[in-house]
Amino acid sequence: MSGFEDEYLPKEVQDFQHHEEPETDQKTFQKQVNNLITTFNEYGNPFLDDCDDLLILHTRECAEKGVINTLRNISKIGKQQYEAYKNDVIQSRSKSIHDPIKRNQLPLLKTPRAKRDVKSQQLMCLRNEANLFGRLYIANQQRGGDLSVFFSHENQAHPPSISDYGKLRIGTKSELLKCFDVEENGQFVVPDTFDCKIFDGGALIHSLNSGSSVTFDDYAKTKFIPFLKHELQQVDKRIDVVWDQYLDGSLKESLREKRGSGIRVKVGPQAKIPSKWNDFLLQNQNKTELFEYLSDKVNESRWFDGKAVYITKGTEVISNHTPMDKCTQEEADSRMIVHIVHAIKEGCKKMLVQSGDTDVLVILIGHFFFLQQLCPEINLWLAFGNKNNTIMYSINQIAEKLGQRVCEALPVFHAFTGCDTTSSFYRKGKRIAWNAWKCFASITDVFYDIRHNPFQQLSESVENFSLLEKFTIAMYDKGSTSVDINEARREMFTKKSTGIESIPPTKDALLQHAKRAVYQAGIWSTCYQNEPIYPNPQEFGWRVEEGKYVPLWMTLPEASKACKELIKCGCKSSRGCTTCKCAKSGLRCTDLCSCSCER
């Protein structure tokens, strides 16, 4: 054996060291391992996430529900289609093997969103109107038409005066600010300090964009918490942050969809913030998770002694001071009144509310005299706008200028003339409606009554609705002597050559609109309550379609289906009509009919 080793083994010493064992290679390997561990820590363990979302690991973006359903059911769908193809082509031979196979239209990760085709809807409405008026012209050659019946029905499925092709017609709410004639900061002497500042959380987050923050933890530590600490230094007693709630199946949730929807991203400490911050904030679930995360961070932070911080989290309120009762209100706009009431009880007098929504201004003015009863020395302000353009409004001075009765009627006026949950009237903005209010002073009593008797039911025979009808006529034509809005529609169209979309809605459509306004005004009227009880929206001009609330535009059929002048028969008998639709209605046949009767 030794002779064999001496002959065949090399004489030099063998180096059995691995080629990556030298110190330089080991340092590189250690650096790579550390980088890998850092990446794992940064992105987290996706299998520990307690959620039903399908996540992209490095961006934390969530797939849409349709995509998740596709992935869960694609094997089942494929097997079903295979069995159907085998049965059709091989067993029953009802289809040829050469027939093309239809492409599946399953939601995929890059499926583009369907866009609303407004031009096609406009073209369809024009065609329907041309067809309607053409048929009316032909029918009235043999029949005496009743215009009063025609103008009591809308000529489209959605009233063009208050509907944007089936959607709520959105106006410019901020026009209302011009009606108060208080747009300049110089008109008000702003206090140097406030006892309390209350922030609309959603507006605050939009103004505090992500900037250089990489993760949500960075955003909380470098943006949100430092901002609150800075603001807390500027006040004498407390700051409040009030978030919106996003409740499934609610009326507000149905209407928020009109704002669009961004990319769904799972919020977490180490999750990266999307580059498009505003698109991220379009997604309701994103905002819900972000608001809860920031509220938890506020709860973990240390604050200055002697000063209080209040921030909402769902129905609860997190605080380092006197606790607040839970509140079930969905919108921050109205929930802020609850925080003002609590602040008054804690001794606050000079208070500033910061928001960019006209609804907040209306709510503050509408509740000012109620708040003044709780605190006669109250000095209430609104910082309106965004970080680049903020206007200070003294609610005290505006309320004193308008008077108590007008102030308390204002929320109903605002709801009736157009807000987030009610339509505005076509080309009738807030200023035109305000001028009509000045000319029709008796409508103040109606607004005031609806304000203090929330959620009251209206009908065509109720006096309050009759006055709302007259007020609407005054918005369109101050010189009109009509007291019936259907008659006013006829007069404007026939004698004043007003376009069909520029005349007011029918009485039936106006009643449903008024009901929606009453419902929204009722929510604002009761917003000082922690847990208000709201009636079913379906009793106030809404209906449910595919699980979402949509406006009930009218209860009467449109003109093309309601006017008896458009009745036509399809008789083919040469002896004339005896039992057809026309005969039963007591009408002569027209050229629209298929029969052989004398015209």
Side-chain angles (χ1 to χ4, degrees), residues 159-162 168-184 187 357-359 361-366 368 384 391 393 395 397-420 422-451 463-485 487-489 491-493 495-499 501-505 507 509-510 513-514 516-518 520-521 524:
S161 56
I162 56 174
L168 291 175
R169 184 174 289 281
I170 304 302
T172 306
K173 296 188 298 183
S174 59
E175 279 187 7
L176 186 61
L177 303 176
K178 301 176 182 178
C179 301
F180 303 144
D181 298 323
V182 287
E183 285 201 83
E184 298 298 328
Q187 292 185 338
D357 195 337
T358 306
D359 294 349
L361 176 63
V362 170
I363 293 170
L364 292 177
I365 295 173
F368 174 77
F384 183 85
I391 301 175
Y393 289 100
I395 305 301
Q397 294 187 34
I398 295 175
E400 290 171 5
K401 180 178 180 180
L402 296 178
Q404 181 172 352
R405 201 165 184 84
V406 172
C407 284
E408 295 183 357
L410 183 63
V412 185
F413 165 83
H414 184 51
F416 186 76
T417 54
C419 62
D420 291 342
T422 61
S423 299
S424 61
F425 294 88
Y426 181 66
R427 292 186 176 178
K428 304 298 174 187
K430 294 292 183 180
R431 176 157 280 186
I432 291 176
W434 185 266
N435 291 334
W437 190 1
K438 289 181 178 179
C439 298
F440 194 67
S442 60
I443 196 64
T444 304
D445 295 334
V446 177
F447 293 152
Y448 186 85
D449 182 68
I450 294 173
R451 162 74 170 78
E463 179 64 20
N464 278 352
F465 177 72
S466 298
L467 291 172
L468 288 172
E469 188 177 359
K470 294 176 184 177
F471 173 68
T472 306
I473 295 172
M475 277 199 299
Y476 280 84
D477 185 3
K478 294 179 183 178
S480 177
T481 58
S482 300
V483 295
D484 182 277
I485 199 165
E487 184 61 32
R489 282 166 51 83
E491 180 183 337
M492 292 178 198
F493 186 78
K495 296 183 179 179
K496 299 188 177 181
S497 301
T498 306
E501 75 282 353
S502 298
I503 62 176
K507 181 179 293 189
L510 181 66
H513 170 79
R516 291 189 288 274
V518 166
Q520 181 58 57
W524 289 336

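Sequence positions, counted from 1, serve as the residue numbers for this chain.
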Using 0.5 Å steps for rounding, measure from the SG atom of Cys439 to the CE atom of Met475. 12.5 Å
So, for Leu402 and Cys407, which heavy atoms are closest and what is the spacing to 0.1 Å? CB-SG, 3.8 Å
To the nearest 0.5 angstrom, please state how far the CZ atom of Arg516 sits from the CD1 atom of Ile162. 5.5 Å
Identified side-chain contact (heavy atoms from CB on, under 4.5 Å) counterpart of Phe416 within the set Val518, Thr472, Thr422: Thr472
Between Tyr426 and Tyr476 (judged by ring centroids, cut-off 6.0 Å), do the two rings come close enough to count as a pair? no
Can you name the closest pair of heavy atoms from Pro411 and Val362 and give their distance? CA-CG1, 3.5 Å
For Pro160 and Arg169, the nearest pair of non-hydrogen atoms, with its separation, is O-NH2, 2.9 Å
So how far is it from Phe493 CZ to Ser502 OG, rounded to the nearest 0.5 Å? 10.5 Å
Evaluate side-chain contact (heavy atoms from CB on, under 4.5 Å) for Leu468 paired with Leu510, printing each intermediate quantity in order. CA-CA 9 Å; Leu468 288 172; Leu510 181 66; 5.6 Å; no
Ser480 side chain to Ile473 main-chain N or O, any donor-acceptor pair under 3.5 Å? no
When rounded to the nearest 0.5 angstrom, what distance separates SG in Cys179 from NZ in Lys438? 7.5 Å
In this structure, CD of Glu469 is separated from OG of Ser482 (nearest 0.5 Å) by 10.0 Å
Work out which heavy atom in Ala517 is nearest to a heavy atom in Ala415; give both atom names and the distance. O-CB, 3.6 Å
Is the backbone N or O of Asp445 less than 3.5 Å from a side-chain atom of Asp449, with the two atoms forming a donor-acceptor pair by type? no
Hey, is CZ on Arg405 packed in by over 12 heavy atoms from elsewhere, all under 6.0 Å? yes
What are the two closest non-hydrogen atoms of Leu410 and Phe180, and how far apart are they? CD2-CZ, 3.9 Å
For the residue pair Ile170 and Ser424, what are the closest heavy atoms and their distance? C-OG, 3.6 Å
I'd like to know if the side chain of Arg489 reaches the main chain of Pro504, judged simply by a donor and an acceptor atom lying under 3.5 Å from each other, with no hydrogens or angles considered. yes
Check: Phe465 and Lys507 side chains under 4.5 Å, non-hydrogen atoms: yes
To the nearest 0.5 Å, what is the distance between CD1 on Ile503 and NZ on Lys496? 12.5 Å
Audit row: Leu176, Thr417, side-chain contact (heavy atoms from CB on, under 4.5 Å) steps and yes/no: CA-CA 10 Å; Leu176 186 61; Thr417 54; over 6 Å; no
With Phe447 as partner, the option from Trp524, Phe440, Phe471 fulfilling ring-ring contact (aromatic ring centres under 6.0 Å, His included) is Phe471
Backbone N/O of His414 and side chain of Lys430: donor-acceptor pair under 3.5 Å: yes
Apply side-chain contact (heavy atoms from CB on, under 4.5 Å) to Gln520 and Asp420, showing your working. CA-CA 9 Å; Gln520 181 58 57; Asp420 291 342; over 6 Å; no
Judged by atom type as modelled, is there a donor-acceptor pair below 3.5 Å linking the side chain of Arg451 to the main-chain atoms of Val412? no
Stepwise side-chain contact (heavy atoms from CB on, under 4.5 Å) check, His513 with Phe425: CA-CA 10 Å; His513 170 79; Phe425 294 88; 3.7 Å; yes
